[in-house]
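Below is one structure, written out as structure tokens, with a few remarks after it.
Just so you know, these numbers come straight off a predicted model, no measurement behind them.
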Amino acid sequence: MQASTTAAADSTKMEGFWSSWKCQAMELLYWRDLKQTGLLFGSVLLLLFSLTQFSVVSVVAYLALAALSATISFRVYKSVLQAVQKTDEGHPFKSYLEVEISLSHDQMQRYAENVQRYINSTMRELRRLFLVQDLVDSLKFAVLMWLLTYVGALFNGLTLLIMAVVSMFSMPVVYEKYQAQIDQYLGLVKTHVNSVVGKIQEKIPGAKRKAE
């Protein structure tokens, strides 16, 4: 009974954590705090542009050296300041060193189960597409892969990642401002795509979905 109560409490705590994390992510993407979002956006872009010029190993090494230079300099500065002022404030990072950052066995197990569920779902979906369980879905997937060949010829992975980051920090704001117009155009596009898919289903034998 106690174990089930503890598990329920942990589950509630995790749900609260993910809900809080989601709210914080939405606040960042919608630029509610310009200073915080701008700092994050600039840092991510700087990191990605650095990766276009240097290797991953070099970028990681330089970032580690920059962080160590800052923390070591601050530690030495605080030590000298305490010696001059004859104070006993202790380690300047004491509050951070005491923060618990380890994951419990139950948390690790839940994360592993979630990863396993996503992997299994992805494998089942890929099997369904490649073995043509549904001809229309497989054709859509083939068209998507064909389009990606052209995208891959024009852009490398890092360029696509930079474009994705820029879109993440710009599209939510644009959509929030012009939601009515965007929904209208998306509705027209969806209607046109459904019309084209319907015509394809009528012309290709076995492509029409079975009525559920």
(request) Hey, could you give me the CG/CG distance between L51 and L161, rounded to the nearest 0.5 Å? (result) 8.5 Å
(request) Give the intermediate values and the outcome of side chain to side chain contact (heavy atoms under 4.5 Å, CB included) for residues L186 and K190. (result) CA-CA 6 Å; L186 287 178; K190 184 178 180 181; over 6 Å; no
(request) Give the cluster check for L139 versus L148: same hydrophobic cluster or not, with ILVMFWY residues linked at side-chain heavy-atom distances below 4.5 Å. (result) no
(request) Verify, without hydrogens or angle tests, whether T37 (side chain) and L34 (backbone) share a donor-acceptor contact under 3.5 angstrom. (result) no
(message) Checking T159 against M163 for the side chain to side chain contact (heavy atoms under 4.5 Å, CB included) test, could you report, in this order, the C-alpha distance in whole Å, the side-chain angles of both residues, the deciding distance, and whether it holds?
(response) CA-CA 6 Å; T159 303; M163 293 171 62; 4.2 Å; yes
(request) Indicate yes or no for a side-chain donor-acceptor contact from S73 to the backbone of A70 under 3.5 Å, with no hydrogens or angles considered. (result) no
(message) Measuring from atom CD1 of I162 to atom CG of L160, what distance do you get when rounded to the nearest 0.5 angstrom?
(response) 9.5 Å
(request) Supply the atom-to-atom distance F141 CZ to L126 CG, rounded to the nearest 0.5 angstrom. (result) 6.0 Å
(message) Testing the basics here: between V166 and L45, what is the closest heavy-atom pair and its distance to 0.1 Å?
(response) CG2-CD2, 4.1 Å
(message) Would you say OH of Y178 has more than 12 non-hydrogen atoms from neighbouring residues, nucleotides or ligands within 6.0 angstrom?
(response) no
(message) Please tell me whether L144 and F130 are part of a single hydrophobic cluster in this structure, the criterion being side-chain heavy atoms less than 4.5 Å apart.
(response) yes
(request) Hey, could you give me each pair passing salt bridge (charged side-chain N to carboxylate O under 4.0 Å, His left out) that has a residue in residues 56-68? Not counting sequence neighbours. (result) none
(message) A quick test of your reading: do over 12 heavy atoms of other residues, nucleotides or ligands sit less than 6.0 Å from CE of M145?
(response) yes
(request) Taking atom OH of Y175 as the centre, report whether more than 12 heavy atoms of other residues, nucleotides or ligands fall under 6.0 Å from it. (result) yes
(message) Between R128 and E125 (salt bridge meaning N to carboxylate O under 4.0 Å), is one present in this structure?
(response) yes
(message) Between M171 and L29, is there shared hydrophobic-cluster membership here, with clusters defined by ILVMFWY side-chain heavy atoms closer than 4.5 Å?
(response) no
(message) For residues M168 and L39: do they belong to one hydrophobic cluster (side chain heavy atoms under 4.5 Å, members Ile, Leu, Val, Met, Phe, Trp, Tyr)?
(response) no
(message) Any side-chain to backbone donor/acceptor pair from S138 onto L135? Under 3.5 Å, distance only.
(response) no
(request) Please work out which of the three classes, parallel, tilted or perpendicular, describes the rings of W146 and Y150, given edges at 30° and 60°. (result) perpendicular
(message) Could you go through F41 and V165, starting from their C-alpha distance and side-chain angles, then the distance that decides it, and tell me whether this counts as side chain to side chain contact (heavy atoms under 4.5 Å, CB included)?
(response) CA-CA 8 Å; F41 182 48; V165 170; 4.0 Å; yes
(request) Check whether any side-chain N or O of S79 sits under 3.5 Å from a backbone N or O of R75 as a donor-acceptor pair, and report yes or no. (result) yes
(message) Is it the case that the side chains of N114 and R117 hold a donor-acceptor pair, with the cut-off being a distance below 3.5 Å and no angle test?
(response) yes
(request) Give a yes or no answer on whether the side chain of W31 reaches the backbone of F169 with a donor-acceptor pair at less than 3.5 Å. (result) yes
(request) Indicate the atoms forming the closest heavy-atom contact of Y30 with P172, along with that distance. (result) CE2-O, 3.4 Å
(request) Apply side chain to side chain contact (heavy atoms under 4.5 Å, CB included) to the pair I182 and Q179, showing each step before the final yes or no. (result) CA-CA 5 Å; I182 293 174; Q179 183 175 357; 5.9 Å; no
(message) My understanding is that only residues two or more places apart in sequence, or in another chain, count here; which of them pass salt bridge (Lys or Arg N to Asp or Glu O under 4.0 Å) with E27?
(response) none
(request) Nearest 0.5 Å please: distance from the OG atom of S104 over to the CZ atom of R110. (result) 6.0 Å
(message) With rounding to the nearest 0.5 angstrom, report the CG to OH distance, L65 to Y62.
(response) 8.5 Å
(request) State plainly whether one hydrophobic cluster holds both I72 and Y96, where clusters connect Ile, Leu, Val, Met, Phe, Trp and Tyr through side-chain heavy atoms under 4.5 angstrom apart. (result) no
(message) Determine whether a donor-acceptor pair (N or O, by modelled atom type, separation under 3.5 Å) exists between the side chain of Q36 and the backbone of L28.
(response) no
(request) First locate atom CG of L129, then atom NZ of K140, and finally report the distance between them rounded to the nearest 0.5 Å. (result) 11.0 Å
(request) Grab the two heavy atoms, one from P92 and one from K78, that are nearest each other, plus how far apart they are. (result) CB-CG, 3.9 Å
